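Structure, as structure tokens:
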Amino acid sequence: MPSYTVTVATGSQWFAGTDDYIYLSLVGSAGCSEKHLLDKPFYNDFERGAVDSYDVTVDEELGEIQLVKIEKRKYWLHDDWYLKYITLKTPHGDYIEFPCYRWITGDGEVVLRDGRAKLARDDQIHILKQHRRKELETRQKQYRWMEWNPGFPLSIDAKCHKDLPRDIQFDSEKGVDFVLNYSKAMENLFINRFMHMFQSSWNDFADFEKIFVKISNTISERVMNHWQEDLMFGYQFLNGCNPVLIQRCTELPRKLPVTTEMVECSLERQLSLEQEVQQGNIFVVDFELLDGIDANKTDPCTLQFLAAPICLLYKNLANKIVPIAIQLNQIPGEENPIFLPSDAKYDWLLAKIWVRSSDFHIHQTITHLLRTHLVSEVFGIAMYRQLPAVHPIFKLLVAHVRFTIAINTKAREQLICECGLFDKANATGGGGHVQMVQRAMKDLTYASLCFPEAIKARGMESKEDIPYYFYRDDGLLVWEAVRTFTAEVVDIYYESDQVVAEDSELQDFVKDVYVYGMRGCKASGFPKSLKSREQLSEYLTVVIFTASAQHAAVNFGQYDWCSWIPNAPPTMRAPPPTAKGVVTIEQIVDSLPDRGRSCWHLGAVWALSQFQENELFLGMYPEEHFIEKPVKEAMARFRKNLEAIVSVIADRNKNKKLPYYYLSPDRIPNSVAI
């Protein structure tokens, strides 16, 4: 009688093993086997990290094996089981791989196909077509769209983490408990003695050092020592944790009535301000989005304030970017003066602090939350709903949506919800952050997620004109590496543009993103369908780059740039100044966050800047969803390209007092998971 050797691999994460009964059935072109109990006497099967082998004898020849069915039945108490893969050695000596990488819960079952990636058009056999259809029908019941707030991209229909499908939950929920992590961070930073001291002001700038962990020769220490300098202020718009706002000024904004006479002491080329604009030396950052946003009113004992500044910057003869004019609100007038470097020291310093605070709000809510977290969740939900596990695009993207839906669900549960942690220390808490996302949706376009196009749209593409924009330089290298990789994978499975256009599952995936993620907004420019291999490659590059590189660039520098509170105040406790010559150091300190809010802020930026335990970085694909040699070779080339980028960035950073490493591929996690 024909005999098969079945090898079963159990996951190595916590609680991956099981004591339940595991049964296997084989479905072949010539028949189906009986259900076989996989069990070895006097042996503890399916332990965490185990690879177990079993001999399965069948009554008759089964032909080509098409499906493997695994069933789990209760032994004593139900425990979930994480099945990595099954390998089958046939009676003819052939090996067939069946990737799984899923949890089997309760009295559950899973039906697996072999690991070869297949488009729907490749499946001609009825049982395989049926398997494909059933998988999507099941997933569409599990992964449902939900509107969390009007105007937001739709998200997963789950009130809390435990409501999610088991396959996308964190291995350990404790690891991503925001309350626990923030509290731990405050303990690690030895600041928990201050965390409940709301309304209690610091005495002076030096007083902030009581909660600042000095780590020698780090960016955070350099920020603490140089934050008041104009060079440090300007540098952050290029290479801080929100390097996406600065744009070349082609015409002076009418709402900022600045003149050459006002700023001539800052201009170094003996040109008028208008001539400097024409030569491309003037840049602008406009925080118009914050105009009219409601400030946090959740604490009746503390008034909190927002501003909507416009900041004009200048490229000096050393090619460094420095601020030359700041107006703290959008409508010019006597009570909205334009602050200048030539003003009194504390006037100018407070104006810059207001800009830094406004930048923090845009960074957290728009650059970080909306444009990486929420966008990546949309891609993830659409993928699970419309692409079966056998589809090559599912196999490519699944690593890049790992834990994204889970972290966002946890954030909606604890962080950005009503009365959540975001309300504790942020001036945009209490609903302002919701208003901001609703406004920012009009600027969330497909083109703005295409990295090279986004850089060009802001007039920031010239390396010769703007030589110290490392975010741009490194981002373009990583974008090109990802684009090359996706193009290679696309070419393996799509022999022509017609095959792309006729892939109904792929088109349903893209349509889901457009209809539900972008709410069917034509102005977003998100495609409703893809017609060519080039379009598909670009689309996949957007998905992967957003989830990996873009998130890394705006997330992991938060402790570096935001831990020195005066450099990134999460709230301001006095309104913006309406006149010059009246600001004192005492007023500035009283405007900055109190001791309690400072501590919550510090705990947050520390926790958010940490990598996950067992982090998977860009190019790492330990789950072998692909088994074909050409794709594995493409992955190897991808890793080699990324390693070359790591070397380029490391060489550039040598001896730099302010190294830029957030887009070094060895520091870019595969997905949004923190």
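All figures in this text were calculated on a predicted structure; none of them were measured in a lab. For reference, positions follow the sequence shown, starting with 1. Note that these values count all heavy atoms, side chains included, but never hydrogens, waters or copies made by symmetry.
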Asn641 to Ala481 - nearest heavy-atom pair and separation: CB-CB, 4.4 Å

Which residue is it: Ile338, Ile326, Leu252? I am looking for the one with a side chain to side chain contact (heavy atoms under 4.5 Å, CB included) to Leu312. Leu252

Testing the 3.5 Å rule here: is there a donor-acceptor pair between the side chains of Gln236 and Asn567? yes

Can you find a heavy atom in the side chain of Phe638 that is under 4.5 Å from one in the side chain of Leu618? yes

On the six-membered ring of Phe556, is Arg667 placed so that its NZ or CZ lies under 6.0 angstrom from the centre and within 45° of the ring axis? no

Min side-chain heavy-atom separation Leu449-Leu444 under 4.5 Å: yes

Are side-chain heavy atoms of Thr260 and Glu276 found at a separation under 4.5 Å? no

Distance, nearest 0.5 Å, that separates OG of Ser591 from CH2 of Trp354: 7.0 Å

With a 4.5 Å heavy-atom cut-off, do Thr218 and Asp560 have their side chains touching? no

Please report the interatomic distance CG(Leu608) to CG(Leu415), rounded to the nearest 0.5 Å. 7.5 Å

Quick one, Ile353 and Met572 - any side-chain contact, counting heavy atoms below 4.5 Å? yes

Classify the side-chain pair Trp561/Asn242 by whether it contains a donor and acceptor separated by less than 3.5 Å. no

The residue among Asp474, Asp666, Ile219 that forms side chain to side chain contact (heavy atoms under 4.5 Å, CB included) with Tyr661 is Ile219

Report the distance from atom CD of Gln247 to atom CG of Leu313, rounding to the nearest 0.5 Å. 11.0 Å

Check Lys640 with Glu643, please: is the shortest side-chain N to carboxylate O separation under 4.0 Å? no

Ile282/Tyr314 under side-chain contact (heavy atoms from CB on, under 4.5 Å): CA gap, chis, key distance, verdict: CA-CA 5 Å; Ile282 303 296; Tyr314 176 62; 3.6 Å; yes

Show your working on salt bridge (charged side-chain N to carboxylate O under 4.0 Å, His left out) between Asp473 and Arg652 and close with a plain yes or no. CA-CA 11 Å; Asp473 300 342; Arg652 194 256 334 274; 5.1 Å; no

Please examine the side chains of Leu658 and Asn239, heavy atoms only from C-beta on, and report whether any two atoms are closer than 4.5 Å. no

My understanding is that only one of Phe611, Trp564, Trp606 makes a ring pair (Phe, Tyr, Trp, His ring centres under 6.0 Å) with Tyr559; could you say which? Trp606

Non-neighbouring partners of Phe339 that pass ring-ring contact (aromatic ring centres under 6.0 Å, His included), sequence neighbours left out: none

Against Phe360, only a single residue in His433, His601, His368 fulfils ring pair (Phe, Tyr, Trp, His ring centres under 6.0 Å); can you say which? His601

Just by distance, no angles: are the side chains of Thr541 and Thr486 close enough, under 3.5 Å, to form a donor-acceptor pair? yes

Partner residues of Phe152 under the ring-ring contact (aromatic ring centres under 6.0 Å, His included) criterion, sequence neighbours left out: Trp148

What is the distance from atom CD of Glu615 to atom OG of Ser671, rounded to the nearest 0.5 Å? 7.0 Å

Where at least one partner belongs to residues 436-462, residue pairs that pass ring-ring contact (aromatic ring centres under 6.0 Å, His included), sequence neighbours excluded: Tyr446-Phe526, Tyr446-Tyr539, Phe451-Tyr471, Phe451-Phe545

Quiz question: by atom type and distance under 3.5 Å, do the side chains of Glu377 and Asn408 form a donor-acceptor pair? yes

Would you please test Asp286 and Gln330 for side chain to side chain donor-acceptor pair (under 3.5 Å) and show each step? CA-CA 9 Å; Asp286 189 349; Gln330 294 287 305; 3.0 Å; yes

Establish, yes or no, whether the cationic atom of Lys315 lies under 6.0 Å from the six-membered ring centre of Phe283 and within 45° of the ring axis. no

Do you know the tightest heavy-atom contact between Cys562 and Cys241? SG-SG, 3.8 Å

Would a 4.5 Å heavy-atom cut-off, applied to side chains only, mark Arg371 and Gln550 as touching? no

Are side-chain heavy atoms of Asn329 and Glu335 found at a separation under 4.5 Å? no

